[in-house]
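Quantities reported herein were computed from a predicted structural model and do not represent experimental measurements.
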Amino acid sequence: MPKFSLVVPVYKVQGYLPECLDSVLGQDCTDFEIVAVDDCSPDGSGAILDEYAKRDDRIHVIHLTENVGLGRARNAGLEKATGDYVLFLDSDDTLSEGALSAIRDRIEATGDPEILIFDYARTYWDGRVRPNLRADLLKEKGPDSFSLAERPQLLDLLQIVWNKAYRRDFVARTGLTFPPGYYEDAPWTFCSLISAERIAVLDRVCVYYRQRREGGNILKTVSRKHFDVFDQYQRVFDYLDAHEELATWRGPLFRKMVDHYLTVLERPGRLPQDARAEFFRRASADYRARVPKGFARPGGGRGHKYGMLERNAYTTMVSALAAVKLRQRVKTRTRTALNRSKRSAMGAFYQSQLRLPLDDDLVLFSAYWSRSVSCNPAAIDAELARLAPHMRRVWAVRPENADRVPKGVQAVRVGSREYWSALARAKYLVNNVNFADSVVKREGQVHLQTHHGTPLKTMGLDQQKYPASTDMNFDKLLERCDRWDYSISANRFSTVIWERVYPCSYTTLETGYPRNDVLVNATAEDVRAARAALGLAEGSKAFLYMPTHREYQPGFTPPLNLAVFARELGPDVTLLVRGHYFYGDSPHVDELRRTGRVIDVSGHPRVEELYLAADALITDYSSAMFDYAVLDRPLISYVPDWDVYSAVRGTYFDLLQEPPGAVATTQAELLRLLASGAYDTPETTERRDTFRRRFCEFDDGHAAERVVRRVFLGEESLPPIVPFDERHTAPTPAQALELVERA
């Protein structure tokens, strides 16, 4: 049997679950099992659990067939636990480094107590860590182990189960289980503490309690479910009735009950307004039914509230709270005035447009800070024209790109009156980056965030850990992300990352990337047309080179000598270069351009056409690798500075260990791969297949249709994802030529 069983209930936490599991699996104490309970989670959490379980046999996964809630999910895990001690870890929280070793050592030092209580700290999205305000109660003073009667102040700790280790035979002996409903921790916590004969404490932070920026705490949800608190305390007092030897705890637990009821009443965002009087009456009835003989109320304002409950004086309580609400209104008015002041800076015209009704048929598109008409927004635009031609499509562009707007679609210059009018009145705003800080999200507007790539490099809040993003204002970033209603994802890998690094209240659409539809649906004629437009000769080989930007080296030039490249690979090979890195006064580069051996495609409006034209892609850390993989053509990772890039910018996986194909870390190595054909072998094909199944998961050629039907047409039933092995793939240049010749 393991020393510890960690019961981890899981529901809609795919963005945080890997970090939770990694925090346990990375412990230096390895004598544990994880019993993870998938509470019929509607997201990818269950699949994440299964993937982890395949890699580590200490993880046991239970998939429930219906959603039963936190308490009963914990019970399901508890039934399967085999460890000497049971710990409960919520699936968005994490263990601190060395936590299990510290818990094990303290248990041994204190003679195997029935309960060990350890410390925790709250962690926030912006990196703040706030200690437990009652950490003083965990000071290791006095006897190593004790009963609650010796330290009754421990009842003042937060009523939670996940800051304790419970001896499993103690749990079995007392018959403790978790009840259904809200506040399920209260009966378990109180009944276990008053029943234990030997308790110990550990003055060390062992759990990091995540405070989600977007909420996620059901206790902050307005609902009648908060009435469950009455059932939970009924269970506590039923337990006392069944254990006469514990009668001395009626007074302390009565006080905890009343404090809890008052907390529910006083905290905004819990009870519906029309349920508050009913809740008060229920709380008052419990007060009078359970008040111990000779009970002394606390002093001050708290004592007055106890008195109002005892007298069932709801009207008096409402009046007492009115002053607090008045102060809150004053603060709200101040904030509103401040916001008005800020909005006035956006211009009187924009303000006037914001007062006009939304145009339900107006859609405003933007891509790459309005620098182009491309990417996912362009693909959605095209599909919208097909499925909903009644909608008016408008593109926000810079003046030099106005001619790239599709025929029949309006272009508005960024900053113009037409631009601000469209921003204010369009029902739908579509972008692959964020709109400016000054844009107001109106009630009824729908913001669709399409993103512009699967992330290899760290994004969003994860960038806080790396030096390349020290100047980013993360508060402003998340304020912009708060406007999103929908976030598009091409794979579960991205979904998990987006939901963690952009913790806002949007809906994820796992549709695939609309811009990649053409890579699935392209014909032989499309491939030949793309090559002809670039002047590529039939039967010649073309490598597309797309290095990414290094934020930490604005003047960086990749170490790729084009003259050497041309000489080594011969006259039948052309290099398509997308980037601004190679251009200077080199006569060798000028000559290669004139001969057509190097073609500058940096300004090409549609990268998808470049993908179709190329026989293989050479890149480093660009998200181009994930899109090009849809074509199932050779991919070469040229990463001469991997150590620096991964340390300074941060990455989500090791590209040297999980590449999409061949890997080169020097120019000589790259040239050998290309000249010998070693970039395209059974081994590189197998790597590419693994990569494609992971990252091209939803790219089946119907992504744009799914987006349009869900977002613009309001359809819930969408075209299903085509199974991976049944998908069509665009022909390679060689296959396209062969097909045409046969015809």
Under 3.5 Å, side chain of [X] to main-chain N/O of [Y], donor-acceptor pair present?
X    : Y    : answer
R104 : F4   : no
Q464 : W125 : yes
Q232 : P180 : yes
Q27  : A99  : yes
R198 : G111 : yes
S23  : C20  : yes

With heavy-atom distances below 4.5 Å as the criterion, would you say the side chains of [X] and [Y] are in contact?
X    : Y    : answer
Y11  : L70  : no
R134 : D136 : yes
R58  : T30  : yes
I160 : Y120 : yes

Between Q234 and D238, do the side chains contain an N or O donor and an N or O acceptor separated by less than 3.5 Å? yes
Will you find, in the side chains of N312 and Y287, an N or O donor that is under 3.5 Å from an N or O acceptor? no
Quick check for you: to the nearest 0.5 Å, what is the distance between [X] atom [atom1] and [Y] atom [atom2]?
X    : Y    : atom1 : atom2 : answer
D22  : L95  : CG    : CG    : 11.5 Å
F254 : D286 : CZ    : CG    : 9.0 Å
Q449 : S489 : CD    : OG    : 12.0 Å
S145 : I199 : OG    : CD1   : 9.5 Å

Decide side chain to side chain donor-acceptor pair (under 3.5 Å) for S101 and D28; before the verdict, give the C-alpha distance in whole Å, the side-chain angles of both, and the deciding distance to 0.1 Å. CA-CA 7 Å; S101 292; D28 53 5; 2.5 Å; yes
Would S96 and R204 count as a side-chain contact (heavy atoms from CB on, under 4.5 Å) if you check the C-alpha gap in whole Å, the side-chain angles of each, and the deciding distance to 0.1 Å? CA-CA 10 Å; S96 65; R204 183 191 193 280; 3.1 Å; yes
Would you check, one step at a time, whether the test ring pair (Phe, Tyr, Trp, His ring centres under 6.0 Å) holds for W162 with Y209? CA-CA 9 Å; W162 44 256; Y209 176 27; 4.7 Å; yes
Strictly below 4.0 Å, N to O, side chains only: are R167 and E197 in salt-bridge contact? no
With a 4.0 Å cut-off on N to O distance, would you call R480 and D482 a salt bridge? no
Under 3.5 Å donor-acceptor pairs involving side-chain atoms of residues 81-94, not counting sequence neighbours:
residue	atom	partner	partner atom	Å
T82	OG1	E33	OE1	3.2
T82	OG1	E33	OE2	3.1
Y85	OH	P113	O	2.6
D90	OD1	R74	NH2	3.1
S91	OG	P9	O	2.9
D92	OD2	R212	NE	3.1
D92	OD2	R212	NH2	3.2
D93	OD1	R210	N	2.9

Let me see the working for Y506 and D485 under side-chain contact (heavy atoms from CB on, under 4.5 Å), right down to the final yes or no. CA-CA 5 Å; Y506 50 80; D485 292 287; 5.8 Å; no
N/O donor-acceptor pairs under 3.5 Å from side chains in residues 37-44, not counting sequence neighbours:
residue	atom	partner	partner atom	Å
D38	OD1	C40	N	3.4
D38	OD1	S41	N	2.9
D38	OD2	H63	ND1	2.9
D39	OD1	N67	ND2	3.4
D39	OD1	V68	N	2.8
D39	OD2	N67	ND2	2.8
D39	OD2	G69	N	2.9
S41	OG	K12	N	2.7
S41	OG	D43	OD1	2.6
D43	OD1	S45	N	3.0
D43	OD1	S45	OG	2.8
D43	OD2	V13	N	3.2
D43	OD2	Q14	N	3.2
D43	OD2	S45	OG	3.3

Over all heavy atoms of both residues, which pair between Y233 and Q159 is shortest? Give the atoms and the distance, please. OH-OE1, 3.5 Å
